[in-house]
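Whatever order the structure lists them in is the order used to number ligands and atoms, beginning at 1.
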Amino acid sequence: MTWTAIVLAAGRSTRFQSERPKVVHPLAGRPMIRHVLEALQTAGCSTPPVVVIGPSALEVREAAGPGARFAIQPEPRGTGDAARWAEPILRGEVDHILITYGDLPLVRPETFRRLIEAHQARGAILTFLTAHRADPTGYGRVIRDPEGRALRIVEEAEADPEERRLPEINVGVYVIHEPWLWPALARLQPSPAKGEIYLTDLIALAAAEGAPVETVALEDPDEALGINTRVQLAEAERIMRRRINTRWMLEGVTLLDPERVYIEASVHIGPDTVIYPDTYLEGETRIGRRCRLGPNTILRDAVLGDDCIVEASIVEGAVLADRVHVGPFAHLRPGTRLAEEVHVGNFAEIKNSVVGPRTRMHHFGYLGDATVGADVNIGAGTVTCNYDGVRKHPTVIEDEAFIGSDTMLVAPVRVGRKAKTGAGSVVTHDVPPETLVYGVPARPHSSP
Ligand code: UD1
Ligand code: CA
């Protein structure tokens, strides 16, 4: 059996109150629609899904990423109309078509699979997902006959008070036999209340024909959450956070308070790492084993080796080897590479710099565009003066140099191996190896 998917994302997102289509808004750091497409791919669709988008939805194309095809719905006339625009691409391609919505990012791959397997096993024309939600407000309700067969779905706008009390909702995921789908879509009529063409009217159409309609109930009703508003987005974020954090805890990561650790979907963490509250792990961050992170820490596109400590600090686009200690209150910016056992302490900033093993920068200071060797001591208040107002210049500090407190290194400048600078020096010329310089501007002293 072959199947593929249509993902509807051409609606107006009126309730979301945004200038941008809602499906591009991030959830756990990834565009909402990306979660849907990845789940479909994991579920094993036979050919790439077709995303139905509005005419000027370049942002949605970008957010969907590679591996999707696109159809354009010229005007948002409803979900039933939207699905029709995929017909020219998909007609005759596969046996069954799964239709879902770009605003349903919590449906799991296993759920898509379960739906398809049930559809196939029961030989249905149409099988759809239902859920029992404590508060069904806003969702279509499932109307069944006395034998329990699904007869139709009534939308909230059309439902009478009795129907509104029904707890069983339409999740918005359907698997349909392909040859039946296209002519059925063409027969849908606009709804009396809103004038939209409802995809959900397919159920009544099939039931009226006596065609077999089946349903599969969600085990976890959280998966049914549709994102129409920012309030629902925040709820989805909380559910997603809980899922991600549970996964990492089961893989051996300690989270002191899982409600207060924010890990994006793309992050990887090694076992026995311990994470304190109010820590954010974002983007392509990779954490080794036995690290200690937080509290109050942001790691964004950061790569950490094993046994690192980062506390109350921000690390962006930086690579740390094993046993590096950062913080409290440090800011590592893109292009920073710290070798083993480097210590970067209180109120230090490092940008676009390579720092060798065991080098220490315990107190406030700034390194920019610097190459620092091994076993260097960088005294409190050291600054690489790398910017002359026009251009950035490099600083080189060789192995075992000792940079005295409050040294200004006016780049371009090089401090040689085992050289020393006195407290308060302003270094404007290269310092030869094993030489002591001091003063303003710094001059060599005869015996270092
Ligand atoms: C829909 C279902 C409802 C279900 C709920 C589940 C219909 C008529 N109703 O309602 O039964 O319980 O989802 O969350 O299908 N879209 C288009 N083109 C359009 C209109 C919508 O592509 O012309 C897209 C939207 O971008 C969205 C999706 O279809 O991603 C669903 O539309 P939305 O307006 O959110 O439907 P609901 O009112 O949530
Ligand atoms: Ca919706």
Using 3.0 Å as the threshold, say whether any N, O or S atom from Asn228 sits that close to the Ca ion (ligand 2).
yes

Of all residues at least two apart in sequence or in a different chain, which pass the ring-ring contact (aromatic ring centres under 6.0 Å, His included) check with His96?
His119, His177

No-hydrogen, no-angle side-chain donor-acceptor test under 3.5 Å, Thr137 and Asp135:
yes

Give me the one residue out of Glu156, Glu158, Glu163, Glu168 that meets side chain to side chain donor-acceptor pair (under 3.5 Å) with Arg141.
Glu156

Which atom of Asp103 approaches the Ca ion (ligand 2) most closely (N/O/S)
OD2

Residue contacts for ligand 1, heavy atom to ligand atom, distance under 4.0 Å
Leu8, Ala9, Ala10, Gly11, Arg15, Lys22, Gln73, Pro76, Arg77, Gly78, Thr79, Ala82, Tyr101, Gly102, Asp103, Leu104, Tyr139, Gly140, Glu155, Asn170, Val171, Tyr198, Thr200, Asn228

Under the side-chain contact (heavy atoms from CB on, under 4.5 Å) test against Val23, which residue among Val7, Leu104, Val60 passes?
Val60

Using a strict 4.0 Å threshold on nitrogen-to-oxygen distance, state whether Asp222 and Arg243 make a salt bridge.
no

Taking the side chain as C-beta and beyond, is there a heavy-atom pair between Trp3 and Gln120 under 4.5 Å?
no

Euclidean distance, Glu349 CD relative to Met361 CE, rounded to 0.5 Å
8.5 Å

